[in-house]
Amino acid sequence: MPRPDQRTAVHPDMTAVVGSDDILLVTLDTLRYDVACELAAAGRIPNLARHLPGGRWEQRHAPGSFTYAAHQAIFAGFLPTPVGPGPHPRLFAAEFGGSESTAAGTFVFPESNLVAGLTAAGYHTACIGGVGFFNRRGALGSVLPGLFAEAHWSPELGVTSPTSFEAQVELAARVVAGLPAERRLFLFVNVSALHQPNWFYAAGATADAGDTRATHAAALEYVDRHIGRLFAAMASRRRCFAIVCSDHGTAYGEDGYTGHRLAHPVVWTVPYAHFFLAGPR
């Protein structure tokens, strides 16, 4: 399929994309905007950077300060918001009277969430979980994966596994391969590697020393080494529209703060990109 021009990629008509393309949504859980930009500029995440418009992340504001809140918003169609005064037209939106961010190219659905909207449009929906809000080990951890027709989580995909993303990518490839060729796919992957603990991704780091901004960066480099296989799997059947973003950032001691679920610029400012992955020629 021909590669879309830059204008089409930057301002896609989602009413045409939905029903035609496969769709991939990757949330790089807790990834900070400043760290993401530094690594892209330094050539340390080449597999991601080659897909970023102009090789750069877009700066956006998170829809929530922690995973559960942010993903509830994202699945309602509220992706991270572009910086600067709006309104900013959205890619997806539930029907809602008076919405100022619903535009001509917005895919509008009557259901309460995007997953249900894409299901109604004929998509198979699959979730590959990462952090605990996707582990289905209790009522709270079942809400988000419960939106999907197919949902996966295991400790090997979670925050304590140093090979979590490799396992997620392998599972994604199996999901894609197991689907009939004619069936459209919406695949969501919540990448857990950036989330604390991440000390084990940096050479010489120790559990006693704990997580730092540097180990956070090392975790992103780890993800970049394997994300090309995820993109290749999703583009193996047809063109794929991909969204790669953070759900929120996290603090490593800035102004005395550590972690997230708090109001600080390093939490609210996130990297974002969307682009097309060309399908088979």
Side-chain angles (χ1 to χ4, degrees), residues 1-4 9 12 14 17-29 31 45-53 71 74-75 79 91-92 114-115 118-119 121-131 134 144-145 147-158 161-194 219-247 271-281:
M1 184 172 289
R3 192 178 187 87
M14 297 308 295
V17 169
V18 173
S20 175
D21 297 5
D22 284 343
I23 300 173
L24 171 67
L25 171 60
V26 177
T27 53
L28 301 169
D29 207 292
L31 176 59
I45 49 170
N47 295 309
L48 279 165
R50 67 184 295 261
H51 294 287
L52 304 179
H71 282 82
I74 287 170
F75 291 144
L79 294 168
L91 299 178
F92 311 101
L114 173 62
V115 186
L118 291 175
T119 299
Y123 281 75
H124 176 68
T125 62
C127 166
I128 298 179
V131 304
F134 297 93
L144 297 174
L147 300 174
F148 292 81
E150 176 182 356
H152 302 271
W153 188 90
S154 69
E156 290 74 24
L157 310 177
S161 170
T163 57
S164 61
F165 190 56
E166 295 158 81
Q168 289 181 311
V169 170
E170 290 170 5
L171 179 53
R174 293 198 297 271
V175 170
V176 172
L179 200 62
E182 68 277 6
R183 188 77 185 276
R184 296 316 192 253
L185 171 64
F186 171 50
L187 177 66
F188 165 72
V189 183
N190 173 248
V191 178
S192 62
L194 286 303
L220 181 57
E221 290 181 292
Y222 160 71
V223 169
D224 186 76
R225 288 196 291 272
H226 300 282
I227 203 164
R229 291 189 292 124
L230 174 61
F231 292 160
M234 284 301 294
S236 64
R237 306 185 320 140
R238 61 179 58 84
R239 191 177 71 166
C240 174
F241 180 73
I243 301 167
V244 180
C245 63
S246 176
D247 54 343
Y272 173 94
H274 66 239
F275 45 85
F276 287 97
L277 299 168
R281 300 295 184 182

Fill in: With sequence neighbours excluded, residues passing side chain to side chain contact (heavy atoms under 4.5 Å, CB included) with S164
S161, S192, A193, Y201
Worksheet item: Which residues pass the side chain to side chain contact (heavy atoms under 4.5 Å, CB included) test with P46, sequence neighbours left out?
Response: D224
Worksheet item: For the atom pair OG1 (T119) and CG (L114), what is the distance rounded to the nearest 0.5 Å?
Response: 9.0 Å
Item to complete: Could you tell me which residues satisfy salt bridge (Lys or Arg N to Asp or Glu O under 4.0 Å) with E156, sequence neighbours excluded, listed by chain and number?
Response: none
Practice prompt. Grab the two heavy atoms, one from P280 and one from A235, that are nearest each other, plus how far apart they are.
Written response: CD-O, 3.3 Å
Worksheet item: Closest approach of L157 and G129, non-hydrogen atoms and distance?
Response: CB-O, 3.6 Å
Worksheet item: With a 4.5 Å heavy-atom cut-off, do P271 and L31 have their side chains touching?
Response: yes
Discussion item. With heavy-atom distances below 4.5 Å as the criterion, would you say the side chains of H274 and L79 are in contact?
Written reply: no
Practice prompt. Give, for atom SG of C240 and atom CZ of F276, the distance between the pair rounded to the nearest 0.5 Å.
Written response: 9.5 Å
Fill in: Residues that A149 engages under side chain to side chain contact (heavy atoms under 4.5 Å, CB included), provided they are two or more places apart
H124, T125
Practice prompt. Spell out, as yes or no, whether a donor-acceptor pair under 3.5 Å connects the side chain of W153 to the backbone of I128.
Written response: no
Worksheet item: Do V191 and I227 touch side chain to side chain, with heavy atoms closer than 4.5 Å?
Response: no
Worksheet, complete the sentence: Rounded to the nearest 0.5 Å, the CG atom of L220 sits from the CZ atom of F165 at a distance of 10.0 Å
Worksheet item: Which pairs, with at least one residue in residues 166-190 and sequence neighbours excluded, count as a side-chain hydrogen bond (donor to acceptor under 3.5 Å, both in side chains)?
Response: T27-N190, D29-N190, E166-Y222
Discussion item. Ignoring hydrogens, what is the shortest heavy-atom contact between E150 and V175? Give both atom names and the distance.
Written reply: OE2-CG2, 3.5 Å
Practice prompt. Can you sort out the partners of F92 under ring-ring contact (aromatic ring centres under 6.0 Å, His included), two or more places apart, ordered by chain and number?
Written response: none
Worksheet item: Under 3.5 Å, is there a donor-acceptor pair between the side chain of R239 and the main chain of V17?
Response: no
Discussion item. In the structure I gave you, are the side-chain heavy atoms of L91 and P12 within less than 4.5 Å of one another anywhere?
Written reply: yes
Discussion item. If the condition is ring-ring contact (aromatic ring centres under 6.0 Å, His included), which residues does F275 pass it with, not counting sequence neighbours?
Written reply: H51, F231
Fill in: From L171 atom CG to L187 atom CG, the distance as rounded to the nearest 0.5 Å
8.5 Å
Discussion item. If I take atom SG from residue C127 and atom CG from residue L144, how far apart are they, to the nearest 0.5 angstrom?
Written reply: 8.0 Å
Fill in: By side-chain hydrogen bond (donor to acceptor under 3.5 Å, both in side chains) - contacts of D247 (at least two apart)
T67
Worksheet item: Going by heavy atoms in the side chains, are L25 and I74 under 4.5 Å from each other?
Response: yes
Practice prompt. Please name all residues satisfying ring-ring contact (aromatic ring centres under 6.0 Å, His included) with F188, sequence neighbours left out, ordered by chain then number.
Written response: H71, F75, F134, F148
Discussion item. Just verifying a value: how many Å separate D22 CG and R237 CZ, rounded to the nearest 0.5 Å?
Written reply: 4.5 Å
Worksheet item: Are any non-hydrogen side-chain atoms of M14 and F241 less than 4.5 angstrom apart?
Response: yes
